[in-house]
Amino acid sequence: MKEKLVFCWSGGKDSALALHRLQTEGRYEVVSLLTTCNEHFQRVSMHGVRVELLDQQARALGLPLEKVFVSQGGSNDEYVEKMKAQMLVYKGRGVTHLAFGDIFLEDLKRWREANLAGVGLRGVFPIWKGDSRELIHEFITRGFGSIICCVSDAYLDETALGRKIDADFLQWLPADVDPCGENGEFHSFAFAGPIFKQPIQVKVGEKVYRPVEETHPGASTTVCPTSGTRRAKGFWFCDLLPAP
């Protein structure tokens, strides 16, 4: 019998590729997706994508989706406590593992594993230590589609918003930006690929800039965090809208 696993789903390209690997390998039974959302704005906490589009992703993936809602301006402690409560619920359902799309951020991986160990669960990292350039080329060649929805002003500006991740985008990226945006340079919304039953139709809406203190004031983990050597003053967000 396969061990039960919940996937911590950001909705972006790394999550999509990591989920694809899990489903291809077939070692675990993926029983649900889990996403942290902003309760006030009804958007994904990490990059501001509308919950409506998140729900469309889950339907296209054919997987249940559960959301952990955190308050606007909430602390990291609030996030940890709500996640702990949800993980205990999963443990009671027989879940043994949570999966993540992390690639090379060692501190983040250790933090996740410590939180999981505290409730008797374990982490799975399907694309961990993969080469960023090889991973993004695999994402593209496998037929995935993803669109940029958030960027850090430490690396990029609003001209990146709304761009699809393809070969032209990779050539356009500055040399000091990780091709997978693993340092928080950019975030994306996956709308098509081999794990989706059908593509999700989206259109680009308003583009807005938010200083750091407005995106997540007083918290130790910001929306669209930057983990690289540069310090972000703010973030550009693209409001993706469901297309008719």
Side-chain angles (χ1 to χ4, degrees), residues 5-24 28-70 72 82-83 86 89-90 95 98-102 126-127 135-136 138-151 160-166 169 180-181 186-208 210 215 223-224 235-244:
L5 175 147
V6 169
F7 195 99
C8 289
W9 176 257
S10 73
K13 56 175 179 37
D14 297 336
S15 281
L17 184 58
L19 178 60
H20 179 264
R21 286 200 178 178
L22 280 173
Q23 293 179 327
T24 301
Y28 300 97
E29 177 189 358
V30 182
V31 298
S32 180
L33 305 174
L34 174 66
T35 307
T36 306
C37 301
N38 182 293
E39 187 171 27
H40 177 74
F41 291 108
Q42 292 292 299
R43 293 174 182 264
V44 178
S45 295
M46 181 60 69
H47 45 55
V49 166
R50 292 168 179 253
V51 168
E52 180 181 355
L53 288 175
L54 181 67
D55 290 333
Q56 285 192 31
Q57 278 185 324
R59 288 194 293 271
L61 291 168
L63 287 169
L65 168 69
E66 295 185 77
K67 310 178 189 80
V68 170
F69 286 97
V70 295
Q72 173 66 3
K82 288 189 173 181
M83 283 293 289
Q86 186 62 51
V89 170
Y90 287 141
V95 171
L98 265 68
F100 305 87
D102 301 320
I127 58 175
L135 288 173
I136 198 64
E138 179 183 351
F139 180 86
I140 294 170
T141 57
R142 288 192 182 278
F144 281 99
S146 192
I147 188 170
I148 302 298
C149 58
C150 172
V151 301
L161 295 174
R163 295 193 62 151
K164 293 181 180 179
I165 295 179
D166 53 20
F169 173 75
C180 286
F186 62 88
H187 290 271
S188 65
F189 175 81
F191 61 84
I195 59 176
F196 291 96
K197 295 178 180 179
Q198 66 276 333
I200 300 163
Q201 303 299 322
V202 298
K203 60 182 180 180
V204 176
E206 183 183 11
K207 299 177 182 181
V208 297
R210 295 284 185 264
T215 58
V223 171
C224 199
F235 305 98
W236 282 98
F237 295 89
C238 176
D239 188 16
L240 298 179
L241 304 168

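Side chains included, hydrogens not; waters and symmetry mates left out as well; all remaining heavy atoms used.
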message = Rounded at 0.5 Å granularity, tell me how far CZ in Arg59 sits from NZ in Lys197.
response = 11.5 Å

query = How many angstroms lie between atom SG of Cys37 and atom NZ of Lys67, to the nearest 0.5 angstrom?
reply = 6.5 Å

message = Tell me whether Lys164 at atom NZ has more than 12 heavy atoms from other residues, nucleotides or ligands lying less than 6.0 Å away.
response = no

Ala190 versus Ile200, closest heavy-atom pair with distance = O-CD1, 4.3 Å

message = Any donor-acceptor pair under 3.5 Å linking the side-chain atoms of Ser45 with those of Thr36?
response = no

note = One should read off an interatomic distance between Leu161 CG and Phe235 CZ, to the nearest 0.5 angstrom, of 12.5 Å

task = With rounding to the nearest 0.5 Å, note down the distance linking CG in Asp14 to CD1 in Ile127.
result = 4.5 Å

inquiry  = Distance check, rounded to the nearest 0.5 Å: His47 atom NE2 versus Cys238 atom SG?
reply    = 12.0 Å

ask   = Are the side chains of Ile147 and Val204 in touch, meaning some heavy atoms are under 4.5 Å apart?
value = yes

ask   = With side chains defined as the heavy atoms from C-beta onward, is the minimum distance between Leu240 and Arg50 less than 4.5 Å?
value = no

inquiry  = Less than 4.5 Å apart, side chain to side chain, heavy atoms only: is that true for Leu135 and Lys13?
reply    = no

message = I'd like to check Ser10 versus His187 (side-chain heavy atoms, cut-off strictly below 4.5 Å). Are they in contact?
response = no

key: Leu61 side, atom CG; Gln57 side, atom CD - distance, nearest 0.5 Å   = 6.5 Å

key: Minimum-distance pair of heavy atoms, taken over all atoms of Ile148 and Ala160   = CB-O, 3.4 Å

ask   = Which atoms form the tightest heavy-atom contact between Val6 and Val31, and what is the distance?
value = CG2-CG2, 3.9 Å

query = Does some side-chain heavy atom of Tyr90 sit less than 4.5 Å from a side-chain heavy atom of Leu34?
reply = yes

ask   = Below 4.5 Å, heavy atoms only, C-beta onward: do Phe191 and Gln201 meet side chain to side chain?
value = no

inquiry  = Minimum heavy-atom separation for Pro126 and Phe100, please, with both atom names.
reply    = CD-O, 3.2 Å

Smallest separation among heavy atoms of Phe7 and Ser15, with atom names = CZ-O, 3.4 Å

query = Which pair of non-hydrogen atoms, one from Val51 and one from Arg43, has the smallest distance, and what is that distance?
reply = CG2-N, 3.7 Å

request  = Determine, step by step, whether Leu98 and Gln86 satisfy the side-chain contact (heavy atoms from CB on, under 4.5 Å) criterion, reporting the C-alpha distance in whole Å, the side-chain angles of both residues, the deciding distance to 0.1 Å, and the verdict.
outcome  = CA-CA 11 Å; Leu98 265 68; Gln86 186 62 51; over 6 Å; no

task = Check for a donor-acceptor pair, side chain of Thr35 on one end and backbone N or O of Trp9 on the other, with a separation under 3.5 Å.
result = yes

ask   = Is there a side-chain contact between Gln56 and Leu53, using heavy atoms and a 4.5 Å cut-off?
value = yes

